[in-house]
Amino acid sequence: MGGKYMNLTNQIANVISIALENEWTAEQVELLLEKPKQTELGDIAFPCFTLAKKFRKAPQQIALELSAKLEDQLIASVQVAGGYVNIFLNQAFVTNQVLHSIMTDLQKYGSKNSMHEKIVIDFSSPNIAKPFSMGHLRSTVIGNSLANIAEKNGYEALRINHLGDWGTQFGKLIVAYKLWGNKEKILAAPIEELLKIYVHFHNLAEKDDSLNDQARAAFKSLEEGDEEALTLWNWFKEASLKEFQIIYELLGVHFDSYAGEAFYNDKMTRVVDDLKKKGLLIESNGAFVVELEDMPPSLITKKDGATLYATRDLAAAIYRHQTFHACKTFYVVGNEQTLHFKQLFSVLEKMGFEWSKNLVHVPFGMMLKDGKKMSTRKGKVILLADVITDAIKTAQHNIEEKNPTLENKEEVAKQVGVGAVIFNDLKNDRMNDIEFSLEQMLNFEGETGPYVQYTNARICSLLQKGSFEVEAFTFSSIGVEAWPIIQLLEDFPRVVEKAFDNADPSQIAKFSLLLARQFNKYYARTKILADDGTTSSKLAFAFTVSVVLKESLRLLGVPAPEKM
RNA sequence: GCGCUCGUAGCUCAAUUGGAUAGAGCACUUGACUACGAAUCAAGAGGUUGCAGGUUCGAGUCCUGCCGAGCGCACCA
């Protein structure tokens with residue numbers, strides 16, 4: 001598996017540390033190392049400003065003295081500029097090191113050895129009987145990518161779809177169905193029709209509060225096991241899941257568990273009892289709450305005794321801890337729920353569960369429409385299914401225009417269209433709010449999924465034409481133009497690590513764009529199938545780029561067609 | 001009102017987590033398919049990093065205040 005050779009910054013940090021006579025450890029040095037903004041300045045820079053204080057010397061002076069002592073097979077030359085020591089690497093040596101390591105590890109390049117530890121990823125979690133909107137896309141693709149990234153970092157990922165299949169909303173739905181439900185219509189298009197009556201319910205409830213009372217009563221009876229209510233609930237759930245499954249298949253997302261909120265229905269009295277026993281439960285206006293410092297109390301039961309979101313999340317957290325013993329749990333849920341998770345974790349801590357510190361909320365910004373949150377209740381949603389359909393159509397259109405002889409066009413159009421949608425969501429920092437823009441999503445040029453896919457497809461085409469096969473290679477004649485790419489490839493394992501540490505798939509997406517762009521530049525300037533003795537090493541080089549591009553896309557959950 | 005998140009080019013976003021002259025893509029203008037796929041490449045133009053202070057060798061990044069946006073804040077999830 002990966003990690004066959006110590007990474008570059010590691011090695012360089014070592015050399016510097018020794019040159020500093022171990023006054024600074026290699027670890028300390030490594031933290032300071034950076035890449036110069038202008039490539040002409042060097043490959044790796046070491047700023048001496050922090051050393052200046054300790055040694056009571058001018059940074060330039062330190063840099064000069066240090067530069068004289070740096071000698072290693074990795075280093076070609078050293079220059080001093082201001083307080084920086086700028087290192088130029090031995091390109092041939094590093095190139096061989098990096099490319100050989102990819103040739104050996106293949107898709108395992110950058111992978112870490114298994115630590116036999118589990119990470120629970122709670123993501124997607126759509127609400128039953130509500131449409132799968134663009135808003136849910138974020139949690140789904142971020143969570144899925146995070147799971148892939150966790151596995152790459154040596155963890156076992158447990159993908160849990162914590163379905164929103166319980167709660168007062170079902171009371172509303174049951175009341176709405178009894179008043180205006182039409183069985184045939186619902187059978188024909190379940191979510192669409194259920195949404196209609198749900199929205200209608202909300203419109204009327206704004207003026208008539210008795211409807212809300214009826215809904216609360218209906219949910220209460222559902223929670224108490226009322227036959228009729230349960231039957232309806234089951235029906236709604238099955239119908240919704242069927243529709244969700246289509247989306248998940250398109251997105252290539254799968255789950256290890258669909259245990260949603262309802263699953264914890266019979267596990268909640270224990271939690272409530274435990275809270276009571278620990279003296280945390282306090283009555284407040286007929287409801288029961290847990291008081292917290294520096295934040296509003298957490299509501300555990302309503303005054304009619306029915307449970308709430310927080311109760312079910314408590315039960316879920318405890319159940320999961322007992323069954324999975326995960327070392328960490330990620331809740332991939334929008335940042336509008338930050339307060340809820342703070343409360344949840346804090347209640348668990350008060351209950352004396354030390355493991356509560358291993359629970360992390362991974363928040364993300366929301367998808368906005370005209371600068372505003374989309375609201376299901378007002379029926380103002382954009383359906384993910386519609387957007388994906390549009391994207392696939394656009395891909396189809398592009399294929400007809402650019403590559404009409406392509407085989408299995410439908411399959412490829414799906415891969416490109418879906419890839420565009422997923423990539424578009426993952427390429428930016430997760431905390432940013434995203435203004436929904438179909439135009440941007442359907443543009444397949446520039447910083448997009450199809451751009452990266454296209455780069456890979458072109459390499460695949462080269463490899464086929466050159467009848468490439470994996471064997472031993474030297475990389476002596478790939479040209480100086482390859483150097484920026486080598487540096488990126490070298491950096492990949494660290495990007496994988498960083499993406500995990502920051503729970504940030506966009507690191508991978510940005511990396512894949514950089515790599516694709518650099519390779520496209522190389523491609524435009526260098527004849528690869530040159531027929532002059534350099535072809536085999538250039539092909540092998542292109543192959544390593546393809547390996548890393550494909551792996552990056554896989555981590556994002558984006559397919560990588562060989563032709564498109 | 002309080003809390004959270006954020007404010008960088010016309011638009012969407014980066015910026016090595018405090019480092020060198022703030023960079024990409026889209027859109028716009030121009031050039032490149034006898035070099036392997038033009039979903040590409042090359043070039044041009046585009047900036048007082050919301051405003052005002054502060055911290056230090058050094059601030060888009062950290063602190064304080066203000067302005068602006070979005071989202072939360074008890075029986076929804």
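The sequence lines fix the lettering, A, B, ..., with proteins before strands; numbering per chain opens at 1.
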J.: Taking the six-membered ring for Trp, are Trp233(A) and Trp166(A) parallel (under 30°), tilted (30 to 60°) or perpendicular (over 60°)?
T.: perpendicular
J.: Using a 4.0 Å heavy-atom cut-off across all strands, classify Pro296(A) as base, sugar-phosphate, or nothing.
T.: sugar-phosphate
J.: Looking only at N and O atoms, is any donor in the side chain of Asn502(A) or the base of rU17(B) less than 3.5 Å from an acceptor on the other one?
T.: yes
J.: When you compare rA9(B) with rU5(B), how far apart are their C1' atoms, in angstrom units rounded to a whole number?
T.: 24 Å
J.: Would you mind calling rU61(B) syn or anti? Take O4'-C1'-N9-C4 for purines or O4'-C1'-N1-C2 for pyrimidines, and syn is within 90° of 0.
T.: anti
J.: Taking atom P in both rC36(B) and rC41(B), what distance in whole Å separates the two?
T.: 15 Å
J.: May I ask you to say what Ala45(A) touches in the nucleic acid, namely base, sugar-phosphate or nothing, with a heavy-atom cut-off under 4.0 Å?
T.: base
J.: Look up atom CD1 in Ile485(A) and atom CG in Asn520(A), then write down how far apart they are to the nearest 0.5 Å.
T.: 9.0 Å
J.: Quick one, give me the B/S/- string for nucleotides 34-44 of chain B, reading 5' to 3', where B means a protein heavy atom under 4.0 Å from the base and S means that only happens at the primed atoms, P, OP1 or OP2.
T.: -BBBSBSSS--
J.: Provide, to the nearest angstrom, the distance between the CD atom belonging to Glu223(A) and the P atom belonging to rC76(B).
T.: 12 Å
J.: Both Gly167(A) and Glu34(A) contact RNA chain B. Taking the nearest nucleotide for each, which residue is further toward the 5' end?
T.: Glu34(A)
J.: Less than 4.0 angstrom between a side-chain N/O of Arg494(A) and OP1 or OP2 of rU16(B), yes or no?
T.: no
J.: Determine the Euclidean distance between corresponding P atoms of rG65(B) and rA43(B); express it in Å to zero decimal places.
T.: 46 Å
J.: Quick one, Gln28(A) and Leu32(A) - any side-chain contact, counting heavy atoms below 4.5 Å?
T.: no
J.: Going by the angle between their ring planes, with limits at 30° and 60°, are Phe236(A) and Tyr177(A) parallel, tilted or perpendicular?
T.: perpendicular
J.: Is Thr168(A) near enough to rC76(B) that one of its side-chain N or O atoms lies under 4.0 angstrom from OP1 or OP2?
T.: yes
J.: Nearest to the side chain of Leu41(A), which nucleotide is it out of rA77(B), rU17(B), rA20(B)?
T.: rA20(B)
J.: Between rG50(B) and rC67(B), how many Å separate the two C1' atoms, rounded to a whole number?
T.: 7 Å
J.: Can you tell me, in whole Å, how much space there is between the C1' of rA52(B) and that of rG70(B)?
T.: 24 Å
J.: Please tell me whether Phe541(A) and Tyr522(A) form a close aromatic pair, meaning their ring centres lie under 6.0 Å apart.
T.: yes
J.: Taking only the side-chain nitrogens and oxygens of Lys35(A), find out if one of them lies under 4.0 Å from OP1 or OP2 of rU16(B).
T.: no
